[in-house]
Amino acid sequence: MNKKKSILQGNVLYTIIAIIIGFVIGAIFLVIAGISPAVAYGKLISSVFSKPKYLVYTLVYAAPIILTGLSVAFSFRTGVFNIGAEGQFVVGSIAATLVGVLVELPAVIHVPLCILAAMAAGAFWSFICGLMKVKKGIHEVLSFIMFNWIAFYFSNFVVNLKSIKVEGGEASRNLADSARILFPAEWIAKIKCPDANWGIVIAVVMAMAIWIIIEKTTLGYRLKAVGFNKHSAEYAGIDANKSILTALCISGALAGLGGAVQIMGQSGRLVQFAGQEGYGFEGISVALIGSSNPIGCIFAGLFYGAMKFGGSKLNIVQVPSQIISIIMGCVIIFIAISHIFKYLLLKLTDKKEA
């Protein structure tokens, strides 16, 4: 019974339940719209698993979302709510684009320089909001939302600078080949996915690194202590404000890295936005599905990437791709209220034992 209780107290069970409920509710909406759920979900599955290149595209879609998910998850674990991953993602992509377009270097130097520039930009963007929090008491949610929009319009300003804008278009010039993280040409020819890149490797390595930082280092212990109880941490001699700034800088750097992976991998250039791209907000979903665990974010990001790529193919069978948003929204809602299911199931177990 103790083993059964430990399963009920964990998060994995409720995440699986939430995903199942999301698909059931999605099926109900499809039936109401006069669409066969079997046809829709069959296409969704085949769009991901029927060909090797589809699996690779899933990884391409998942990589930046895993990184923004890590960004949000890290902040959650350390007691702050980084709703500004979207803005940090954008400034990271700006920094990577500027270095990738304006600088000429060998790939062995150019790629790391673009990545470092993006991480520094994301960290700085997050640091400003953190500084306002610890110095002036401005809540990070408010400042992050405002900074998301500043980043959005700043990106559109940068795209239109003469020094990087492509002639006759609303985008930057393409990044130099030495700044791209695409797979070798012979690999791309074999898998038939021109966007295949090293982003997923970077995302997995970063997830493992963040797990080690959180679980195995003194820094992680201090950050988690502040997240659990700021006042108790201060009483124990931990500088809470410094810890908050450190956590937000690391969180921002991860989101900025997500922007670099997207630009240096799939996109290849910075495009003028018509609206928020949503990578940062998708990261919140990934963090929730992954229970704010860095390793969980890998699997949650892969799931989200599969849904995102597979959903883009639903129009082929006359199924609106918006059904994916409905499913994911339902999944997030049920994960958010999973503590209710946990309480009810534990109560039921206790009654049976009695």
**Request:** Measure up the Trp187 and Phe183 rings against each other and bin them: parallel (under 30°), tilted (30 to 60°), perpendicular (over 60°).
**Result:**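 Ring orientation of Trp187 relative to Phe183: perpendicular.
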**Asked** Parallel, tilted or perpendicular for Trp125 and Phe154, by the 30°/60° rule?
**Response** parallel
**Prompt:** side-chain contact (heavy atoms from CB on, under 4.5 Å) with Lys43: which of Asn315, Leu314, Val319?
**Reply:**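 Output: one option passes, namely Leu314.
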**Prompt:** With hydrophobic residues grouped by side-chain heavy-atom distances under 4.5 Å, do Tyr57 and Met307 end up in a single group?
**Reply:** no
**Asked** What about Phe29 and Val317, same hydrophobic cluster or not, with Ile/Leu/Val/Met/Phe/Trp/Tyr joined at side-chain heavy-atom distances under 4.5 Å?
**Response** yes
Does the [X] side chain pair with the main chain of [Y], one donor and one acceptor, at a distance under 3.5 Å?
X	Y	value
Ser172	Leu270	yes
Arg77	Gly227	no
Ser312	Phe309	yes
Ser267	Arg269	yes
Glu140	Phe81	yes
Asn160	Asn156	yes
Gln88	Gly122	no
Arg180	Met264	yes
Tyr41	Ala27	yes
Thr78	Phe74	yes

Looking at [X], I'd like to know if its [atom1] atom is crowded, meaning that more than 12 non-hydrogen atoms belonging to other residues, nucleotides or ligands lie closer than 6.0 Å.
X	atom1	result
Met146	CE	yes
Asp177	CG	no
Glu104	CD	no
Phe281	CZ	yes

**Prompt:** Is it the case that Lys308 places NZ or CZ above or below the six-membered ring of Tyr279, under 6.0 angstrom from the centre and within 45 degrees of the axis?
**Reply:**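 Geometry flag: set, cation within 6.0 Å and 45°.
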**Asked** Any chance the rings of Phe49 and Tyr54 have centres within less than 6.0 Å?
**Response** no
**Message:** Salt bridge check, Glu215 against Lys224: does any charged N sit closer than 4.0 Å to a carboxylate O?
**Reply:** yes
**Message:** Under a 3.5 Å cutoff, is there a donor and acceptor pairing between the side chains of Asn82 and Ser71?
**Reply:** yes
